[in-house]
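Some notes on the structure that comes next.
No experiment lies behind these values; they were computed from the predicted model shown. Count residues from 1 along the sequence.
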Amino acid sequence: PTMERKVVTQELSLERSLIQDVAKALLHTIIFHRYFGNVTPKSNTILSSAVTYASVDNTDVLRTVDEKVAELMQAIPAAGEARTRVSLHFTETKPRRKPASAWFGKTSGLKSKKGREKEEEEEEVCWEEWAITINSKVARTERERNQMLASAQDQAKDALFLVIAQADTHKDHIPLIADPQGNPFPYHITIAPGAGLWSSMIKRAILPGIS
């Protein structure tokens, strides 16, 4: 039977200068708890050392998160408030169901190169999505900055606790691991500035294949 895609949503309101560290902490924590290869943990602290989180000490993971968080920060205006969404999808590679016509005689796909044939015969199916909405705020005074720092510390702790609780509690939807070598499940991070692009991202996410 086909497992339903698990969706976890979160929303945070943060001062712009604090978003980068909190977003990085959240993404790393989610990946850490869904990375099924050999994991070397790395401990990190943010927000004046008030918040600690674990990340996978892997070059590809570190680079991917850094690149996507940089993309997130570019999408957030330096002045004024903004609403941005970050979505992290975990997928599995499954055989693509052949159309009925493929069973009747040869098709042009059968004459393609092996690499192309394999690509056409497989698809990535999303089994878990983490949707994080970030509301960007701007501090006008030193007092506001201090208040927003304290708020960010509380929100980050709550958000990380939710990730750990959800990841530990909900495991039935995780696909079977066929190959224990390496991380078996690809992950994709997308950035959607503003509410207008959110619906199109969701539509793309619920399709069988994710680009």
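Electrostatic pairing of K6 and E128 does not count as a salt bridge here, judged by no charged N lying under 4.0 Å from a carboxylate O. K24 has no carboxylate O lying under 4.0 Å from a charged side-chain N of D21, or vice versa, which leaves the two without a salt bridge. In this structure, R83 pairs ionically with E11, as a charged nitrogen and a carboxylate oxygen lie closer than 4.0 Å.
Between P41 and F32, the closest heavy-atom pair is CB-CE1, 3.7 Å. Between T52 and S43 the shortest heavy-atom distance is CG2-OG, 3.6 Å. In terms of heavy-atom proximity, A78 sits nearest to V138 at O-CG2, 4.3 Å. Contact detail for I76 and A82: the closest heavy-atom pair is CG2-CB, 4.5 Å.
Relative ring orientation between Y187 and F90 is described as tilted, the plane-to-plane angle lying within the 30° to 60° band.
At least one side-chain heavy atom of L62 sits less than 4.5 Å from a side-chain heavy atom of D57. Residues Q10 and V163 are in side-chain contact: their nearest non-hydrogen atoms beyond the backbone lie under 4.5 Å apart. Looking at heavy atoms from C-beta onward, N58 lies in side-chain contact with Y35 at the 4.5 angstrom threshold. At least one side-chain heavy atom of D168 sits less than 4.5 Å from a side-chain heavy atom of H33. For the pair V61/S55, no side-chain contact is recorded, criterion being any heavy-atom separation below 4.5 Å from C-beta on. Between Q166 and W130, the closest side-chain pair of non-hydrogen atoms falls below 4.5 Å. Annotation: side chain of S48 is in contact with side chain of Q153 (closest heavy-atom distance under 4.5 Å). W127 places a side-chain heavy atom less than 4.5 Å from the side chain of R34.
Of the inter-residue distances, the one linking R63 atom CZ with E67 atom CD reads 6.0 Å to the nearest 0.5 angstrom. Interatomic distance, CG of N44 versus OH of Y53, reported as 4.0 Å (0.5 Å rounding).
When the side chains of ILVMFWY residues are joined at heavy-atom separations under 4.5 Å, either directly or via intervening members, L88 and V39 end up in a single hydrophobic cluster. L47 is connected to M73 through a chain of hydrophobic side-chain contacts under 4.5 Å among Ile, Leu, Val, Met, Phe, Trp and Tyr, so both are in one cluster. Residues L149 and V51 fall within the same hydrophobic cluster, defined by Ile, Leu, Val, Met, Phe, Trp and Tyr side chains chained together at heavy-atom separations under 4.5 Å. By the criterion of side-chain heavy atoms lying less than 4.5 angstrom apart, applied directly or through intervening Ile, Leu, Val, Met, Phe, Trp or Tyr residues, I31 is not grouped with L162; the two fall into different hydrophobic clusters. A continuous path of ILVMFWY side-chain contacts below 4.5 Å connects L14 to I46, so both sit in one hydrophobic cluster.
E144 places a side-chain N or O within 3.5 Å of a backbone atom of R140 that can act as its donor or acceptor partner. Put simply, the side chain of S49 never gets that close to the backbone of T45: no donor and acceptor are under 3.5 Å apart.
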Q: Begin from the C-alpha positions of T190 and H89 and carry the test side chain to side chain contact (heavy atoms under 4.5 Å, CB included) through to its verdict.
A: CA-CA 8 Å; T190 55; H89 304 90; 3.9 Å; yes
Q.
Using the rule given for side chain to side chain contact (heavy atoms under 4.5 Å, CB included), can you reason through V65 versus L27, listing the C-alpha separation, both sets of side-chain angles and the distance that settles it, and then say yes or no?
A. CA-CA 7 Å; V65 172; L27 291 173; 4.3 Å; yes
Q.
Please determine whether salt bridge (Lys or Arg N to Asp or Glu O under 4.0 Å) holds for the pair E15 and R145, giving the CA-CA distance in whole Å, both sets of side-chain angles, and the decisive distance to 0.1 Å.
A. CA-CA 8 Å; E15 207 279 325; R145 272 188 286 273; over 6 Å; no
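Side-chain atoms of H188 and E124 include a donor-acceptor pair closer than 3.5 Å. Using modelled atom types, one finds a donor on one side chain and an acceptor on the other under 3.5 Å when comparing Q155 with S151. Remark: the R16 side chain and the S136 side chain contain no N/O donor-acceptor pair separated by less than 3.5 Å.
Put simply, the residue from L18, D158, I132, N135 that forms a side chain to side chain contact (heavy atoms under 4.5 Å, CB included) with L12 is I132. Just one residue in the list T133, L72, I134 forms a side chain to side chain contact (heavy atoms under 4.5 Å, CB included) with R85, and that residue is T133.
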